[in-house]
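Residue numbers begin at 1 in each chain, while the letters A, B, ... track the order of the sequences. Note that this is a predicted model, so its numbers are computed, not measured.
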Protein chains: 2
Amino acid sequence: MKKITIGEAARQSGVKVPTIRYYESIGLLAEPERSEGNQRSYEQSHLHRLAFIRHARELGFEIDAIRTLLTLQDDPHQSCASADAIAKARLIEVEQRIRSLTALKAELEMMVKGCGHGRVDQCRVIEVLADHGECMHPQH
Amino acid sequence: MKKITIGEAARQSGVKVPTIRYYESIGLLAEPERSEGNQRSYEQSHLHRLAFIRHARELGFEIDAIRTLLTLQDDPHQSCASADAIAKARLIEVEQRIRSLTALKAELEMMVKGCGHGRVDQCRVIEVLADHGECMHPQH
DNA sequence: TCTTGCACCTCTAGTCGCTAGAGGATGTAG
DNA sequence: CTACATCCTCTAGCGACTAGAGGTGCAAGA
């Protein structure tokens, strides 16, 4: 068993050093052994954990959701209904976010296209912002 | 000139009372007159400002970008190149965000569809999170 | 062996854009 | 005159980190 330093763990997992310490401080990652000089010394299991966390964060899961997913992973005989529910909830969030961003994109495109690159008083960008009535999506 | 209280301003602008005070504190909204009893008393100009800010926030512009846009609006003879640049930058951000969310959506759909609703050890949700190699988009 | 220099340690405070709550003053309707 | 809503200021909290200060550990070269 070669010891894995926090820097090495960061390199292998793609999670930054301070973030690893932060995850430990909030109880998301188990405290590793320490070297004689008080430096953290990780096992492979920690690296798996970090990879899991990182992937989940990239998918936009919140820390609390990840906490739940991790406890589920630790008890493989449990029903995966909760995991399923968490993922479904996240999926709905993502779909909603995409819809709203798509509307914003359309509005921004109008603004940018309408900009005559002249003076501010003829600028669609400023104008649309100032007068929401001109906006394509007054419901927002 | 009837006086507009902060509550009334909040109702008309759709910006919450504490948020209005917050905008004032960071210098985004000019300090209004005060009543004898030290209560804020707004003018129409403040309401226009608030509407502008709110719309810009809904479009996802950052406070600093809004600060710039507001100073541009105050000087209508200036070139609107900066406004154009800010809006374009925001558009690019939004497009990027939509692309990445669309990828996440696909991955989440795979996870949810693959979940057999049984035990955790057969669950795609947990499995995909744990093993990034199974992920559709290993580049993220 | 000494020293250089990077990586590590803890701790606090800052980021963004609000939001919540305490504790008190003001304004208005009945 | 008394409720009661609304207002005031101030501080602290949110999530998920990130930055920096001030100090220690450790491996490699001279």
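- Evaluation of the side-chain hydrogen bond (donor to acceptor under 3.5 Å, both in side chains) rule for Arg21(A) yields no partner, not counting sequence neighbours.
- Considering only residues two or more places apart in sequence or on other chains, Thr19(B) meets the side chain to side chain contact (heavy atoms under 4.5 Å, CB included) condition with Val15(B), Lys16(B), Tyr23(B).
- With hydrogens and angles disregarded, a donor-acceptor distance shorter than 3.5 Å links the side chain of His46(B) to the backbone of Glu43(B).
- Every residue two or more places apart in sequence or in another chain that forms a side-chain hydrogen bond (donor to acceptor under 3.5 Å, both in side chains) with Asp74(B) is listed here: Arg49(B).
- Residue Arg21(B) places no side-chain N or O under 4.0 Å from the OP1 or OP2 atom of dT9(D).
- To the nearest angstrom, P of dC7(D) lies 10 Å from OH of Tyr42(B).
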Next on the checklist: For nucleotides 23-29 of chain D, give me one character per nucleotide, 5' to 3': B if any protein heavy atom sits under 4.0 Å from the base, S if the only such contacts are to the sugar-phosphate, - if neither.
Outcome noted: --SSS--
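- Taking 4.5 Å as the limit, every side-chain heavy atom of Met111(B) sits out of range of all side-chain heavy atoms of Leu91(A).
- Sparse packing is recorded around CD of Glu33(A), with 12 or fewer heavy atoms of other residues, nucleotides or ligands lying under 6.0 Å away.
- When each of Arg34(A) and Thr19(B) is assigned the nucleotide of DNA chain C with its nearest heavy atom, Arg34(A) is the one assigned upstream, toward the 5' end.
- Sorted by residue number, the list of members of residues 63-74 of chain A with any non-hydrogen atom under 4.0 Å from DNA chain C is empty.
- Every residue meeting the salt bridge (Lys or Arg N to Asp or Glu O under 4.0 Å) condition with Glu93(B), not counting sequence neighbours, appears here in chain and number order: Arg90(B).
- Nucleotides of DNA chain C with any atom under 4.0 Å from a heavy atom of chain A span, from 5' to 3', dC8(C) to dT10(C).
- Close to dT18(D), at under 4.0 Å from its OP1 or OP2, lies a side-chain N or O of Lys16(A).
- For Glu62(B), there are no side chain to side chain contact (heavy atoms under 4.5 Å, CB included) partners, not counting sequence neighbours.
- A donor atom on one side chain and an acceptor atom on the other are found under 3.5 Å apart for Glu107(B) and His55(A).
- Not counting sequence neighbours, the partners of Arg67(A) by the side chain to side chain contact (heavy atoms under 4.5 Å, CB included) test are Ile26(A), Leu28(A), Ile63(A), Asp64(A).
- Phe52(B) CZ to Glu127(A) CD: the interatomic distance, rounded to the nearest 0.5 Å, is 11.0 Å.
- For Ser35(A), the side chain to side chain contact (heavy atoms under 4.5 Å, CB included) criterion is met by Gln39(A), not counting sequence neighbours.
- Scanning for side-chain hydrogen bond (donor to acceptor under 3.5 Å, both in side chains) contacts around Glu24(A) gives Arg40(A), with sequence neighbours left out.
- For the segment residues 5-12 of chain A, residues with any heavy atom less than 4.0 angstrom from an atom of DNA chain C are, sorted by number, Thr5(A), Ile6(A), Gly7(A).
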